[in-house]
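Computed from a prediction, not measured in an experiment: that's the story for all the values here. Quick note: numbers below take in every heavy atom, side chains included, and nothing from hydrogens, waters or symmetry partners. Sequence positions, counted from 1, serve as the residue numbers for this chain.
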Amino acid sequence: MYDFITAEDSELWDVICDGPFIPIKTTSEPLVIVPKLRKEYNDADRKVIQKNFRAKNILICGIGPDEYNRISAYQYAKEIWEALQTAHEGTTQVKQLKIDMLTTEYELLRIKDNESIQDMHTRFTSIINELHSLGEIIQGKTFQENT
């Protein structure tokens, strides 16, 4: 199903999740590791740094103007991704509250007066899809006959 995903796609996703590669150098006296200046970058440094710009571009191309205004000041793809996640999913507490509300809605789901089976199925599917998007999977219940 995902045969079209390339190694570069995987590397871009790594930049989004883990943050960008920042070229560093070691000074001799005293021994300290510091970020390189742009003029000190070699071709390999530039190639790896470019992945952050590509990842940012992919994220930015998929959003509207209102969301762009929310994330335009961020320098790294990881920061953009985290801001978008928080805006759409909320914090962990908000996410759990949404899961709890949807789970209750699922458990109390009944057909309404004058509601068609199709309309009820649409409501059911909506609840399940929202839970799935939040990472919550509802396990089907099995009923056994009492013998």
Next on the checklist: Hydrophobic clustering (ILVMFWY, side-chain heavy atoms < 4.5 Å, transitive) - are I128 and M120 grouped together?
Outcome noted: yes

Next on the checklist: Quick check: do K51 and F21 have side-chain heavy atoms less than 4.5 Å from each other?
Outcome noted: no

Checklist entry - When you measure from the side chain of N52 to the backbone N and O of A77, does any donor-acceptor pair fall under 3.5 Å? => result yes

Next on the checklist: Looking at A83, is its backbone amide N or carbonyl O close enough to the side chain of T86 to form a donor-acceptor pair, meaning the two atoms are under 3.5 Å apart?
Outcome noted: no

Next on the checklist: Going by salt bridge (Lys or Arg N to Asp or Glu O under 4.0 Å), name the residues that satisfy it together with E82, two or more places apart in sequence or in a different chain.
Outcome noted: K78

Checklist entry - Quick one: does T27's side chain have a donor or acceptor within less than 3.5 Å of a partner on V32's backbone? => result yes

Checklist entry - Do I111 and I117 come within less than 4.5 Å of each other through their side chains, counting heavy atoms only? => result yes

Checklist entry - Should F53 and L59 be counted in the same cluster of Ile, Leu, Val, Met, Phe, Trp and Tyr side chains packed under 4.5 Å apart? => result no

Checklist entry - Do P23 and I49 have side-chain heavy atoms sitting under 4.5 Å apart? => result yes

Checklist entry - Below 4.5 Å, heavy atoms only, C-beta onward: do K98 and V94 meet side chain to side chain? => result yes

Checklist outcome for this item: Joining Ile, Leu, Val, Met, Phe, Trp and Tyr whenever any side-chain heavy atoms lie under 4.5 Å apart, the cluster holding I137 also takes in none

Item to check | In one Ile/Leu/Val/Met/Phe/Trp/Tyr side-chain cluster, 4.5 Å: Y74, I22 | outcome: no

Checklist entry - When rounded to the nearest 0.5 angstrom, what is the spacing between CG in N129 and CG in L134? => result 11.0 Å

Next on the checklist: Going by the rule salt bridge (Lys or Arg N to Asp or Glu O under 4.0 Å), which residues pair with R123 if we only count those two or more places apart in sequence or in a different chain?
Outcome noted: E115

Item to check | Gap separating the SG atom of C61 from the NZ atom of K56, nearest 0.5 angstrom | outcome: 12.0 Å

Checklist entry - Is E40 close to L37 at the side-chain level, that is, under 4.5 Å between some pair of heavy atoms? => result yes

Checklist entry - Any link between V15 and V48 through a network of hydrophobic side chains (Ile, Leu, Val, Met, Phe, Trp, Tyr) touching at under 4.5 Å? => result no

Checklist entry - Would I80 and I16 count as a side-chain contact (heavy atoms from CB on, under 4.5 Å) if you check the C-alpha gap in whole Å, the side-chain angles of each, and the deciding distance to 0.1 Å? => result CA-CA 8 Å; I80 292 170; I16 290 170; over 6 Å; no

Checklist entry - Listed by chain and number, what are the side chain to side chain donor-acceptor pair (under 3.5 Å) partners of N57, not counting sequence neighbours? => result none

Checklist entry - Around Y41, counting heavy atoms of other residues, nucleotides and ligands shown, do more than 12 lie under 6.0 Å from its OH? => result yes

Item to check | 4.5 Å side-chain heavy-atom contact, K36 and N42 | outcome: yes

Checklist entry - Under the side-chain contact (heavy atoms from CB on, under 4.5 Å) test, which residues partner E136, sequence neighbours left out? => result I99, L131

Item to check | salt bridge (Lys or Arg N to Asp or Glu O under 4.0 Å) partners for E105, two or more places apart | outcome: none

Checklist entry - Would you say Y76 and I63 are hydrophobically clustered, going by side-chain heavy atoms of ILVMFWY under 4.5 Å? => result no

Checklist entry - Are side-chain heavy atoms of I24 and V34 found at a separation under 4.5 Å? => result no

Next on the checklist: Nearest 0.5 angstrom please: L12 CG to R54 CZ, how far?
Outcome noted: 6.5 Å

Checklist entry - Where the side chain of S126 meets the backbone of T122, is there a donor-acceptor pair that is under 3.5 Å apart? => result no

Item to check | Enclosure of Q93 CD (heavy-atom neighbours >12, cutoff 6.0 Å) | outcome: no

Next on the checklist: With heavy-atom distances below 4.5 Å as the criterion, would you say the side chains of I71 and W81 are in contact?
Outcome noted: no

Item to check | CA sep, side-chain torsions, deciding dist, call: D100, T103, side chain to side chain donor-acceptor pair (under 3.5 Å) | outcome: CA-CA 5 Å; D100 292 345; T103 301; 5.5 Å; no

